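Computed from a prediction, not measured in an experiment: that's the story for all the values here. Throughout, numbering of the chain's residues begins at 1 and tracks the sequence. Only heavy atoms go into these numbers, but all of them, side chains included; no hydrogens, no water, no symmetry mates. Both ligands and their constituent atoms are indexed starting at 1 by order of listing.
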Amino acid sequence: ITQLYGPLTFLGFVYREVKHALIDIERMFKLLGVRAEVMDAPDAQALSASCPAVRFEALSFAYDGQRPILSGLSLEIPGGKTLAVVGPSGAGKSTLSRLLFRFYDVGQGAILIDGVDIRGLSQDTLRAHIGIVPQEAVLFNDSLYHNIAYAKPGACREEVIAAATAAHLRDFVAALPDGFDTQVGERGLKLSGGEKQRVAIARALLKNPPILIFDEATSSLDSRTEQAIQRALAEASANRTTLIIAHRLSTIVDADEIAVLDEGRVVERGRHADLLAQGGRYAEMWRLQRADVETAGAPTDKAWQS
Ligand code: ADP
Ligand code: MG
């Protein structure tokens, strides 16, 4: 499921690059096993927002039109602020990000950007405003440089390197035999989960979108990698409207708001300290993760698969 983002992001790139060529995007969606479910309205408007507020308003959604995944969910992210969403596997967290990117349209309710229903916006301009750092970033069989650069067609080398630096990839790149020109992907150097995630952050930074979605990886990262990712993320989310889907609660203690999702509903929301004081679901999750840290010496993702 989460791997959809990689091919789709790449597809977006291919599509932009060859948009006047004979590429049938519907067919490409089919080839990738994804249907283009969403169409532009005939009078679709261009989105142009620098610090957009995002509102999920009484959302209900089912992938199959039957089994409800989200049920009357409401949340807001004020422009430039960070909302963290936590909760058990299957709660509907990644679904929220897919709906915001408009891979699917909501059943009931609406998603509003600066008060405008995203169904009234052109998909091109909506997606140009959003950078997704997926749970599993996909690398192409190409140089590390091109794996980052594709996020912004026409980017100059300085911009690409600046994005990699901001994503805390410089030390990693410096240690590679051919630096940025090292071949990566299936037929090249294999990157660890944490390295791939920083490549995805570099892509998002190069794209420089006003809305950032970060779906944290569940795989255990060593603590140095985790710190590097956390710094990169904190810097990337400054002054951007950010949705963080968090598995490790330690990464979101500073979020402007935290929402706990379960079975497609918001069951608690507030800031870290408030939620701890409430002694509810969040406080319990926090206690469990702390216990893991203390016994194992490193955080685990027991409570947070996907
Ligand atoms: P989370 O990210 O909180 O773990 P998801 O939003 O990925 O949860 O998924 C919520 C529910 O929706 C899960 O039960 C999952 O099996 C289901 N689901 C996710 N993607 C699809 C899909 N493309 N088709 C059908 N069901 C899906
Ligand atoms: Mg998920």
Taking only distance into account, with no hydrogens and no angle test, what donor-acceptor pairs under 3.5 Å do side-chain atoms of residues 81-88 form with protein atoms, sequence neighbours excluded?
none

List the atom pairs, with distances to 0.1 Å, where a side-chain N or O of residues 48-56 and a protein N or O form a donor-acceptor pair under 3.5 Å, not counting sequence neighbours.
{"residue": "R55", "atom": "NE", "partner": "E57", "partner atom": "OE2", "Å": "2.9"}
{"residue": "R55", "atom": "NH2", "partner": "E57", "partner atom": "OE2", "Å": "3.0"}

Task: Main-chain N/O of P209 paired to H129 side chain as donor or acceptor, under 3.5 Å - done: no
Task: Atom indices of ligand 1, in the order listed, that fall short of 4.0 Å to a heavy atom of S89 - done: 4 (O)
- [ ] Answer yes or no: is there an ion pair linking R287 with E284, defined by an N-O contact shorter than 4.0 Å?
- [x] yes
Task: Which segment of I69 sits under 4.0 Å of ligand 1 when only heavy atoms are counted - done: side chain
Open item on the list: Any N/O/S atom from T95 (main chain or side chain) under 2.8 Å of the Mg ion (ligand 2)?
Closed with: no
Task: Which of the ligand 1 atoms, numbered from 1, are nearer than 4.0 Å to a heavy atom of R67 - done: 14 (O), 16 (O), 17 (C)
Task: Proximity of H247 to ligand 1 by residue part, where a heavy atom lies under 4.0 Å - done: neither
Open item on the list: Are V160 and Y150 linked, directly or through intermediate hydrophobic residues, by side-chain heavy-atom contacts shorter than 4.5 Å (ILVMFWY only)?
Closed with: no
Task: Nearest option to atom 13 (C) of ligand 1, as decided by whichever heavy atom of G92, G90, S97 sits closest - done: G90
- [ ] Examine ligand 1 and decide if any of its atoms is less than 4.0 Å from a heavy atom belonging to Y104.
- [x] yes
- [ ] Measure from the ring center of F180 to the ring center of H146 and say whether it is less than 6.0 Å.
- [x] no
Open item on the list: My understanding is that we take every heavy atom of each candidate and find the minimum distance to atom 5 (P) of ligand 1. Doing that for T95, L261, L99, which one comes out nearest?
Closed with: T95
Task: Distance filter under 4.0 Å to R98 heavy atoms, resulting ligand 1 atoms - done: 7 (O), 19 (C), 20 (N)
- [ ] If the plane angle is over 60° it's perpendicular, under 30° parallel, otherwise tilted; pick one for Y104 and F61.
- [x] tilted
